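Heads up: the structure comes next, in structure tokens.
Predicted model, so just to flag it, every value in this text is computed and none were measured. Note on naming: letters A, B, ... go to the chains in the order of the sequence lines (proteins, then strands), and numbering restarts at 1 for each one. Note that these values count all heavy atoms, side chains included, but never hydrogens, waters or copies made by symmetry.
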Number of protein chains: 2
Amino acid sequence: MLVRIDPDSPAPLHAQISAAVRRGIAVGEIAPGERLPGARDLAAALGVNLHTVLRGYQELRAEGLVELRRGRGAQVRPDAAPAVAALRQAVHALVDEARRLGLSTAEVTEMVREAMA
Amino acid sequence: MLVRIDPDSPAPLHAQISAAVRRGIAVGEIAPGERLPGARDLAAALGVNLHTVLRGYQELRAEGLVELRRGRGAQVRPDAAPAVAALRQAVHALVDEARRLGLSTAEVTEMVREAMA
DNA sequence: AGACTTGTTCTAGTCCGTATAGAACAGTTA
DNA sequence: TAACTGTTCTATACGGACTAGAACAAGTCT
């Protein structure tokens with residue numbers, strides 16, 4: 001499991017961490033039941049404080065994606081997964097509307113690129 | 001034109017202001033060429049500082065939705081087509097969800113490219 | 001049982017973005 | 001000219017994000 005962080009991003013570090021794990025689950029990089037790296041280990045690897053990582057993990061727990069237990073660590077809940085399918089569906093709806101307006105692929109992807117920036 | 005603000009929202013006030021105007025354009029509440037309320041007036045109406053409103057307006061200018069000129073005020077650009085604004089809003093929503101999932105810009109644009117093909 | 005690991009909780013401090021406030025400035029309009 | 005409107009500047013206050021260190025509690029492993 002790989003977690004990347006951008007210190008220059010306006011997004012809070014804890015949000016970036018939870019997003020990275022969320023993405024891993026959504027894409028299938030992280031399987032349900034799998035253990036996440038220990039908070040102290042990940043904090044050291046990212047050059048970030050322990051509490052920052054814990055906060056990201058706790059956000060994931062609040063969403064029901066992972067379980068946190070002392071001694072055991074953070075574990076992806078067995079019933080976690082979809083999300084990406086829903087996103088893909090939203091993309092289709094968006095693309096249909098864009099096509100109806102006569103926008104090109106380049107124009108739409110550029111809008112996405114701008115919005116992501 | 002009606003702009004609503006929620007002081008308790010975690011979203012910054014300037015972002016709420018620009019979002020409200022963006023939505024107004026998208027839904028057609030605000031027509032292209034129409035003038036937005038003066039920054040000082042809107043600030044007083046919302047119980048907010050002048051600079052906060054101006055910042056929201058400037059965000060809209062950065063997106064190409066409005067023009068700002070001294071003495072004239074804020075004016076919705078003639079080419080700010082409501083439909084496109086609506087699509088832009090949809091893109092924003094999609095991008096927000098994608099970001100929440102931790103997807104990269106490349107991954108999202110690729111999903112769009114596939115869907116457009 | 002005992003040692004170790006891991007999340008939990010607490011206090012405390014720094015840093016930065018948000019928002020406020022006031023003032024002076026520069027185009028636009030009537 | 002006079003009033004209006006965005007622009008720019010300085011300054012202050014507040015809160016969230018992040019860091020830091022420590023003690024604590026539940027689970028794991030030998």
- Side chain of B:H14 - closest among D:dT7, C:dA19, C:dT8: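 Out of D:dT7, C:dA19, C:dT8, the nucleotide with an atom closest to B:H14's side chain is C:dA19.
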Among D:dG6, C:dT8, C:dT20, which nucleotide sits nearest the side chain of B:L54?
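Looking only at heavy atoms from C-beta outward on B:L54, the closest nucleotide is D:dG6.
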message = Tell me which one of B:E59, B:E63, B:Q89 satisfies side chain to side chain donor-acceptor pair (under 3.5 Å) with B:R22.
response =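 Answer after filtering B:E59, B:E63, B:Q89: B:E63.
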Measure the distance from [atom1] on [X] to [atom2] on [N] and round it to the nearest whole Å.
X	N	atom1	atom2	result
A:L50	C:dT5	CG	P	15 Å
A:Q16	D:dA17	CD	P	13 Å
A:L42	D:dT19	CG	P	12 Å
A:I17	D:dA17	CD1	C1'	12 Å
A:L46	D:dC18	CG	C1'	14 Å
B:N49	D:dA11	CG	C1'	13 Å
A:R35	D:dG27	CZ	P	13 Å
B:R72	C:dT28	CZ	P	7 Å

It should be established whether [X] places a side-chain nitrogen or oxygen under 4.0 Å from OP1 or OP2 of nucleotide [N].
X	N	value
B:T52	C:dT20	yes
B:R61	D:dT7	yes
A:Q58	C:dT8	yes
A:R55	D:dA17	yes

Tell me what A:L13 touches on the nucleic acid: a base, only sugar-phosphate, or nothing, going by heavy atoms under 4.0 Å.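 A:L13: backbone/sugar contact only, no base atoms under 4.0 Å.
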Nearest heavy atoms of B:V3 and B:A20, plus distance in Å
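Of all heavy-atom pairs spanning B:V3 and B:A20, the closest is CG1-CB, 3.8 Å.
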query = Which heavy atom in B:P78 sits nearest to a heavy atom in B:P32, and how many Å separate them?
reply =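 It is O-CB, 3.6 Å.
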Between the base of C:dG7 and the side chain of A:R40, is there a donor-acceptor distance below 3.5 Å?
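Donor-acceptor pair under 3.5 Å: yes.
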message = For A:A74 and A:H51, find the nucleotide of DNA chain C closest to each by heavy atoms; which residue's nucleotide sits nearer the 5' end?
response =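 The residue closer to the strand's 5' end, by nearest nucleotide, is A:A74.
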Determine whether a donor-acceptor pair (N or O, by modelled atom type, separation under 3.5 Å) exists between the side chain of B:Q75 and the backbone of B:R35.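 Side chain of B:Q75 to backbone of B:R35: no pair is present.
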*Among the clusters formed by ILVMFWY side chains lying less than 4.5 Å apart, do A:L54 and A:L13 turn up in the same one?*
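No, it is not one cluster - the side chains of A:L54 and A:L13 are not joined through contacts under 4.5 Å.
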